[in-house]
S.K.: 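Before I ask anything, let me first share the structure, which is written out below as structure tokens.
Counting convention: from 1, in listed order, for ligands and their atoms alike. Every heavy atom of this structure was used, including side-chain atoms; hydrogens, water molecules and symmetry mates were not.
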Amino acid sequence: MLWHQLLASTALFACALSVSTSHVLHEKRSVSLPHKRQRVDGEAIVPIRIGLRQSNLHTGYERLMDVSHPKSKNYGKHLSKEEVHSIFAPADETVETVKNWLLGSGLFDESDIIHYENKGWLAVEMPAKHAEILFGTEYFEHETTQGEVRIGCDEYYLPTHVSSHVDFIKPGVKLSAPLKRRQMEKRSGVWGPPRGNPRLPHFKPPYYPGWNMPPGADSLPVDLQNCGVNITPTCIKALYDIPPAYLNQPENAMGLYETYDAFSQQDISLFFENFAKNVPANTKPNVISVDGGTSPVAPSDPRNGGESDIDLDLSISLIYPQSVTVYQVDDLPNSSGETNTSGFLNTFLDSVDGSYCDYTAFGITGDSPGIDAEYPDSLPGGYTGQLECGTYQLTRVVSISYGEAEVYLPKPYVERQCDEIMKLGLQGHSILVASGDYGVAGYPGSNGDAEGCLSTATQNGTIYNPDYPSGCPYITAVGATRLYPDQTVKDTESAMQVNITAFNLVTGVGPTSLPYEFFATGGGFSNYFTPPSYQAAAVSAYLSSPSTSSLAFQSLPYYIANADASNIGQNGGLYNRAGRGYPDVSANGAFLLTFVNETEGTFFGTSLASPIFGAVITLLNEERTLVGKGPIGFINPALYENPSVLNDITNGSNPNCGSQGFQTSKGWDPVTGLGTPNYPRMLEYFLSLP
Ligand SMILES: *[C@@H]1O[C@H](CO)[C@@H](O)[C@H](O)[C@H]1NC(C)=O
Ligand SMILES: *[C@@H]1O[C@H](CO)[C@@H](O)[C@H](O)[C@H]1NC(C)=O
Ligand SMILES: *[C@@H]1O[C@H](CO)[C@@H](O)[C@H](O)[C@H]1NC(C)=O
Ligand SMILES: *[C@@H]1O[C@H](CO)[C@@H](O)[C@H](O)[C@H]1NC(C)=O
Ligand SMILES: *[C@@H]1O[C@H](CO)[C@@H](O)[C@H](O)[C@H]1NC(C)=O
Ligand SMILES: CC(=O)N[C@H]1CO[C@H](CO)[C@@H](O)[C@@H]1O
């Protein structure tokens, strides 16, 4: 629907608007969505967020390199929150222009328009019919296969003089809610009893069927003899030469992002008792409740799915006596804000970047057709505190074991969120994310494809489906590695790839259907971001050096993603050969024996790897603190500059989507990145930096 047609059909409101203003197309969806349903009720209240174009954003990358590149004379000279905000705040002219346009419509008062603390957003609530007039569009409901409803439009228009000041409007081309929280991927596969089964006897390792002690293992201490089938904190410390932790500095508490999934104290205590005896069994994390998030839960609670348990098992056992902070993000899923919220990171980023305000403004929630949440939320399980409009302190290191397909999110939305991550890097924070567990595919079932791959008219589920936020060049994406049963910690690891169904058939325990059939460390190339300069040489060496010319991926067709990534799969291509590669690094992600619902089971996945790498950075930050230095912050430039501080992984691959995926190689590869930690070398290097 064109702007003019819409004006004609809504004459009543058109009067309030300046018809003489010329409008331009601001955003348009390149492909129409399959599950578009009816028009949104005109009276439904839509919380609109207007992303203001910020100034100096183009300088963000250089500024981040200035404080993070080891060759920069300003290495480690991170900025304060206030400095970052004032550098990137939209110009006063931008705020005024957009506000005046809104006020000029006659639909709002000054007090209806909320301007976020970091100055990047304007928020205003309005009935759908007003939003349609302002943006020259029509809002429709979209239904997912799970029956959720999300709203959005196919294109929208802004006055010419406003368009240049606006990044994007949400909901707009970006639907109000790409994912239901409780369906959000949790990056761990359990090899153990299915939920709800009677408690199983407490197995004593080694219990891997048919397992024989590998050659040379008998000369190792007993607790290192079966690391190839049962990884423990002791095995991990031996693999990466991590010494016993001994420091507890408040400024170096390590952060974990969790949402919906919640830990159980009983489970983590059982882990410490059994596998990390240096940690007192009653050790607990500090829990920060972001907008009503709650943890811990009872062991049998359905929210105790294992993700939070394993994140805590690993981080605490590697850094204790250092403390761990859990950011338990968001209200319960059945409360109105939770089931219908959008990309999973925004509320967290808002809460730690001083701009978090009015939770309901971020998601698509509503008073009338189940859209808007109100705080205090009176629904059962709802957040009963006052509307939060404050900030939390962000820990220096944060590990995130959640993700979603990049393609779910429009490029401007992703770019904007990624810029927020850049700003945290400027302030000295290290943000890590698990790179995914399905090789070159997304989560099974995503995009309507059984394997989670992408399709075009001519390609049915064969195109690789890169992960977000791994593709953001300001994040450290962590892939997973493994030992094979015939190996010990003295061997070099391989890329994590495992058929969990096959294991479960052998053991007679655990699920044997999708998505457990195939697990491989996530990696590949973003369709939205090009390789950042710190990574460019590494990516180019992987793609075109003579040493990789014989790797299987070289025979795969590829494409070069265009500016709006609307040509994914062009010419039969399977991956974007001009994208930012991920992961950056990796760590062990296989055979972690642990307890969920007080029942022992074995976990696999990049969910294990990210907290391990986060723990390593935390230990390094502690040593830097001891000698009066600041935190490492964004670690990627230093690692790409000096990859010898990592153990290069050169065996294994990450296939999926019906083809071979990518293969490991000498140096960086989109399977295991630069490799796993070599703690003594990392320590020496990072202590040598200012
Ligand atoms: C947790 O374990 C108990 C006892 O074995 C069992 O009754 C319950 O169903 C389990 N809960 C879940 C969510 O699996
Ligand atoms: C929230 O979940 C609880 C238990 O699962 C249920 O009793 C309650 O009705 C739910 N509340 C809403 C608002 O759906
Ligand atoms: C695509 O492949 C799936 C699974 O192999 C199949 O069920 C589906 O019918 C195919 N779709 C088309 C359009 O060929
Ligand atoms: C995984 O193992 C099962 C059982 O052996 C087998 O049926 C299945 O084809 C395997 N899947 C893959 C992807 O190798
Ligand atoms: C290399 O990886 C393959 C699987 O891709 C595995 O079977 C083999 O044992 C690994 N070899 C070494 C030396 O790690
Ligand atoms: C507006 C909207 O998307 N509402 C949906 C929120 O989620 C619940 C439960 O999934 C649906 O019933 C609503 O329709």
Side-chain angles (χ1 to χ4, degrees), residues 31 34 145 189-191 208-217 226-229 231 235 239 436-465 479-523 550-553 569 572 574 586-591 602 604-605 647-666 669-672 675-676:
V31 281
T145 42
V190 66
W191 170 45
Y208 182 79
W211 181 78
N212 293 311
M213 202 186 284
N226 66 338
C227 297
V229 290
I231 209 87
C235 297
L239 266 174
D437 294 325
Y438 299 93
V440 290
Y443 194 74
S446 64
N447 313 301
D449 178 78
E451 256 87 51
C453 306
L454 300 176
S455 301
T456 61
T458 53
Q459 291 150 283
N460 185 3
T462 54
I463 304 168
Y464 298 174
N465 187 10
T481 51
R482 64 168 292 179
L483 289 171
Y484 279 89
D486 61 349
Q487 294 181 319
T488 74
V489 293
K490 300 290 176 200
D491 292 299
T492 311
E493 292 178 89
S494 302
M496 188 277 289
Q497 198 185 119
V498 65
N499 182 333
I500 292 172
T501 295
F503 283 130
N504 289 351
L505 286 174
V506 173
T507 59
V509 177
T512 55
S513 54
L514 278 174
Y516 300 103
E517 213 179 82
F518 183 72
F519 245 43
T521 183
S550 60
L551 296 181
F553 85 89
L574 302 185
S586 48
N588 191 281
F591 292 111
T602 298
F604 297 84
N647 307 306
D648 194 7
I649 304 300
T650 56
N651 186 46
S653 62
N654 58 4
N656 212 337
C657 305
S659 54
Q660 312 92 314
F662 299 103
Q663 292 75 43
T664 52
S665 69
K666 231 172 135 29
D669 50 65
V671 187
T672 56
T676 62

S.K.: Does any N/O atom on Asn499 come nearer than 3.5 Å to any N/O atom on ligand 4?
M.R.: yes
S.K.: Exactly which residues line ligand 5, taking a heavy atom under 4.0 Å from it as the test?
M.R.: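 Within 4.0 Å of ligand 5, the protein residues are Tyr484, Gln487, Ser494, Asn651.
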S.K.: Starting at CG of Asn651, measure out to CD of Gln497 and round the result to the nearest 0.5 Å.
M.R.: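 CD of Gln497 is found 10.0 Å from CG of Asn651.
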S.K.: Rounded to the nearest 0.5 Å, what's the gap from CG on Asp437 to CZ on Phe604? Could you check?
M.R.: 11.0 Å
S.K.: Would you say the side chain of Gln459 lies within less than 4.5 Å of the side chain of Leu574, judging by non-hydrogen atoms?
M.R.: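 Yes, their side chains come closer than 4.5 Å.
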S.K.: Of all heavy-atom pairs between Ala495 and Ser653, which one has the smallest distance, and what is that distance?
M.R.: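 In this case the closest contact between Ala495 and Ser653 is CB-N, 3.9 Å.
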S.K.: Under a 4.0 angstrom heavy-atom cut-off, which atoms of ligand 4 come close to Leu505?
M.R.: 4 (C)
S.K.: Partners of Asn654 by side-chain hydrogen bond (donor to acceptor under 3.5 Å, both in side chains), sequence neighbours excluded?
M.R.: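 Partners of Asn654 under the side-chain hydrogen bond (donor to acceptor under 3.5 Å, both in side chains) test: none.
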S.K.: Report the C-alpha separation of Thr481 and Met496 in whole Å, then their side-chain angles, then the decisive distance to 0.1 Å, and conclude whether the side-chain contact (heavy atoms from CB on, under 4.5 Å) test is met.
M.R.: CA-CA 4 Å; Thr481 51; Met496 188 277 289; 5.5 Å; no
S.K.: Is it the case that the ring center of Tyr438 lies less than 6.0 angstrom away from the ring center of Phe518?
M.R.: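 Phe518 vs Tyr438: aromatic centres not under 6.0 Å.
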